[in-house]
Amino acid sequence: MNVTAVSIKKFVLSLLLCLGVISCLQAQEFRFTTSVSNNRVALDEPFQIQFMLENAPNVTSFTPPSFNDFEILQGPSQMQGQSIMNGRRSEYIALIYVIQPRRVGNFTIAGATARSNGNVVRSNPVTIEVVKANRGAYQQAPQQSAPQSGFPPSRSQRQQQQDEMEGVLRNGEDVNAKLRKNIFVKVDVDKTTLYEGEQLTATYKLYTRLPTNSSVTKVPAFKGFSAKDIELPNPPQASEEIVNGQRFKVFTIRKTLLFPLQSGTLELDPVEVDNHVKLVKLVKNGNNKKARDPFADLFNDPGFKDPFDDPFFDDFFNRPEVTYEDVPYKVQTAPLKVTVKPLPVDNRPLSFTGAVGKFNMTATIDKKNLTTDDALTLKVVVSGQGNVNLLNGPKVEIPAAFEKYDPKVTDNIEKNSNPLSGSRQFEYALMPLEAGDQTIPAVEFSYFDVASNSYKSIRSEPFSVHVTPGKQTKRDKEDFSVNRNTITSNYNGVLNWVKDSRFLLASPLFYILLLIPVLLLVVALVYRRRLNYQQNNAAFLKHRYANKVALKRLELAARYLKEGKDKAFYEETSRAIWGYLSNKLHVPFADLSKQLIQDKLTRQQVSVQYTTQLFDLLDDCEMALYTPMHNNDKMQGTYQQAVTVISHLEDELQRAKSVV
Amino acid sequence: MKKTLTALCALFLLVYNVIAAAPVQQQQFEKANLLYKQKQYTEAAGIYQQLIDEGYHQPQLFINAGNAYYKANKTGLAIYNYEKALARDPFNKSAAHNLSVANQRVEGYVNDLPLLFFQQWWLHIQHFHSPNGWVTGAVIFFWLLIAGFIAILIVPAFKPTLLRWGTGVATLLFFFYLTLGISTYVTANAHHEGIIMGTAVKVKAAPDQESKDMFELHEGVKVQVTDATQEYCKILLPDGKTGWLACAEIRRL
């Protein structure tokens, strides 16, 4: 036994050198356990006892208990495993004996002792109940197949125990089938139907029943999602889970909080894990006696051996029946589809910017009184659970009197919170541009509450700010320097306060003013024409005064009539008529004859009635001249007749002229 | 004598009224200038606007109003007032400068083409007199022209060649002044241009709410209005784009 201890010590040292993992051997939950494949065995049934040192640093010696009542069929065989997950390493060393009871009864196998970091540690003792042999039942039990419901529970349990303890590949067993059955990765999601922006927790887990060294080679990209990883403990903590009645060690590879950014059916990418599975192969080969000899170990030191051979298992515990194999095996999760519903459009508030979850909002300003030289900070803090990392700032309606800058965003997200919670702070810097009392309207923030399936809005109070004019030193300078980007200063002089007069062009005055000279011109034209006529046509004048002359002459006749000078009267009357006709008809006095006058008058379309009156009058006058008889009444009648005839003729001639 | 005195009194009263009325506006103007200095731009702009609404259309008033609107971040109104000032006085340097500064704030601003030399000449000629000045001139020359005609008609003996030449020149000048009077009147009363007042206005393909949006115009863009229905106006941009938008969004110059 002493020799064994020495060789183990040697082995462990060389092992550590070979792997170069001394630095990594940290005490991570040290455990030293004894386990048996079956606590109740038949007399001639071989069973397995395993001493497992987990995360033991600096193991310097190992002493197995004495197996007084048992026969060692095989062993000690050593199994060593390590796994690196998420950058943390865990490892174990197991020593396995296959023993067979010698007699029937209850036996207690004491725990093994080991020296780790100079401390002696002891594993737990186990009690074995040995019953009478039941030959035939377990004669050839190594068929490794998935436990089915028909299997006897004891047997399946035993098999499972074996698999868990070591990766034993029995004869004729298919490596791939075994791997497929015992190692797989799986993605767990907490829901498969959700709203846009709602949180989805995806957990990628590695299930294994074999000792394996795994590394993640392909991480999912999460297309269409915003992802936030949850930090996992390092080294990964294994938990146990029973799948299909088999106990698996489960390692969480990745745990991610996902927030869908779009609606539709989204796919979670597979994760790919590269495994290096250490399998123990049972080989039935009893010829090699050398393996039993512990001294031979010295010559089989790894330094002397071909490095490509199994370096230590064969060297130290070179059990002829067992070989070890390092099998690479790649596993992948099945792609998973998630249905993302768009957020409802109905009743969506205007201030909604995509927040989904449960939030609270506070808005504060840092000062209420300030000058135009100062800046004002409007701080909006949104806190709660949901897509905090994706929050958009609430819409802040800043009055035009302020210059607004893009908000400064500060995140305070709780680490590893699930559901994601924390707060996001938006700081708006506002520069008042003008003095006076200003009101910043209330800030409104809306989110979609998945639990109640509705939109909720939070409003702050509006803020009133009093702005006083600042010192303006900077601005004034700018005002005087007229450059491309500042407007010129105001005109401060005195203006001529005259209102716009109406457009003269549209007013009647303009047209009146234009019309007046036109009228004047017309008058001038008329005047000119008349002047021309008067100057150029003397006959016109005679004609014009014909009536007057006639009346004048008749006036004279009237005087004679009063005086009773009948000859003179008749003479004057006939002369007046003849003179009138001569002037009116433009006929020289000498040429006048009754015939001519009649022709002329007819040509002038004077009615026959007046012509006959005229000639009657003329005849009367002639008659009175040559047959003088004083008759005052007749003279009166003749005078009246003469006046009417002349005025009738005048009218007729005027009318005829106007007709022409 | 008595009549002349009454007329003089009336004239004096009229002049006095004008002089007495002015300080009120000047006081308002100075108050607004003070508010502007104290950075109370909105209040200052309100007073300037009130003066403008009362019918005072001095370019300096428009510029000050534009400045106040500009400082109060109301770019559309600022540009509107600068344009108004330029319409009154196209050669006002500070109005042109401030307009170009304000236009820097306009999203999607398209530069107007500069005027060609003869267009500039025309502009110079147009602003040689006020619109009413042109019309008054036309009236005066018409009177002269008519007087010439009358003289020719009535006093033919009076140096006919000189009179004829004088009348001819008066005729030409009359037509020239009349043309310019009409053209300035038309320019002053044409409201074919406008400034967009809405912050972001969708321009549609047809004068109809359902028709599709073609592009978006921002506050302060100057557009030409080429056609209009009750609610919608067809606009033309300097770069040749056309479209329809709600007339309420445009403020006609």
Side-chain angles (χ1 to χ4, degrees), chain A residues 371-372 398-404 432-438 467-470 472 475-476 479 482-507 509-521 523-525 527-529 531, chain B residues 18 21-26 29-30 32-33 35-44 51 54-58 60-61 63-64 66-68 70-74 78 93-94 97-98 100-102 104 131-132 134-136 138-139 142-143 145-147 149-150 153-154 181-182 184-185 188-189:
Chain A
T371 68
T372 47
I398 300 297
F402 289 94
E403 204 169 328
K404 183 174 78 172
L433 292 174
E434 51 176 305
D437 282 317
Q438 308 286 350
V467 184
T468 49
Q472 309 175 329
R475 299 264 162 159
D476 277 346
D479 278 351
V482 177
N483 58 33
R484 283 297 297 156
N485 296 313
T486 48
I487 57 174
T488 59
S489 55
N490 265 357
Y491 177 80
N492 292 324
V494 179
L495 284 182
N496 176 24
W497 292 100
V498 176
K499 285 189 192 182
D500 263 358
S501 43
R502 290 185 54 224
F503 282 100
L504 202 55
L505 195 69
S507 70
L509 180 67
F510 172 69
Y511 299 97
I512 291 167
L513 284 176
L514 283 191
L515 208 63
I516 290 168
V518 173
L519 286 177
L520 285 178
L521 186 69
V523 169
L525 273 175
Y527 174 71
R528 176 73 221 175
R529 270 187 71 177
L531 205 65
Chain B
V18 169
V24 180
Q25 279 86 36
Q26 186 64 32
F29 184 64
E30 272 156 18
N33 286 346
L35 282 171
Y36 181 89
K37 273 197 190 127
Q38 289 170 349
K39 307 203 168 187
Q40 305 192 19
Y41 300 120
T42 311
E43 284 87 346
L51 286 171
E54 278 172 24
Y56 299 102
H57 290 166
Q58 279 69 23
Q60 289 88 348
L61 182 58
I63 293 170
N64 280 14
N67 287 352
Y70 176 83
K71 290 274 190 179
N73 260 346
K74 287 170 183 154
K93 286 217 170 85
S94 59
H97 169 81
N98 290 359
S100 74
V101 171
Q104 287 173 17
N132 280 357
W134 287 113
V135 173
T136 316
V139 169
F142 190 66
W143 280 67
L145 151 77
I146 298 296
F149 269 121
I150 291 171
L153 280 178
I154 293 177
I182 291 169
T184 46
Y185 175 79
N189 285 285

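Here is how names work: the chains are called A, B, and so on, in the same order as the sequence lines, proteins then strands, and each is numbered from 1.
- Contact detail for I146(B) and P517(A): the closest heavy-atom pair is CG2-O, 3.1 Å.
- When heavy atoms are compared at a cutoff of 4.5 Å, T184(B) does not approach chain A at all.
- Interface residue I182(B): backbone and side-chain heavy atoms are both found under 4.5 Å from chain A.
- Highest contact tally toward chain A, considering only K93(B), Q58(B), H57(B), E54(B), is held by Q58(B) [criterion: heavy-atom pairs under 4.5 Å].
- No side-chain donor-acceptor contact under 3.5 Å links W143(B) to the backbone of I516(A).
- Considering only residues two or more places apart in sequence or on other chains, Y511(A) meets the ring pair (Phe, Tyr, Trp, His ring centres under 6.0 Å) condition with none of them.
- Between G181(B) and L505(A), the closest heavy-atom pair is O-CD2, 4.0 Å.
- With a threshold of 4.5 angstrom between heavy atoms, F402(A) approaches chain B through N, CA, C or O but not through any side-chain atom.
- Listed by chain and residue number, F174(B) satisfy the ring pair (Phe, Tyr, Trp, His ring centres under 6.0 Å) test with F142(B) (two or more places apart in sequence, or in another chain).
- To the nearest 0.5 Å, atom CD1 of residue I150(B) and atom CG of residue L520(A) are 5.0 Å apart.
- Residue contact with chain B, scored on non-hydrogen atoms closer than 4.5 Å, involves the backbone and the side chain of L525(A) alike.
- Taking 4.5 Å as the limit, every side-chain heavy atom of L504(A) sits out of range of all side-chain heavy atoms of Y185(B).
- Note: N73(B) CG to K404(A) NZ = 11.5 Å, rounded to the nearest 0.5 Å.
- Contact annotation for L51(B): only side-chain heavy atoms (C-beta onward) come within less than 4.5 Å of a heavy atom of chain A.
- Between chain A and the residues N132(B), N33(B), T136(B), the most heavy-atom pairs under 4.5 angstrom are made by N132(B).
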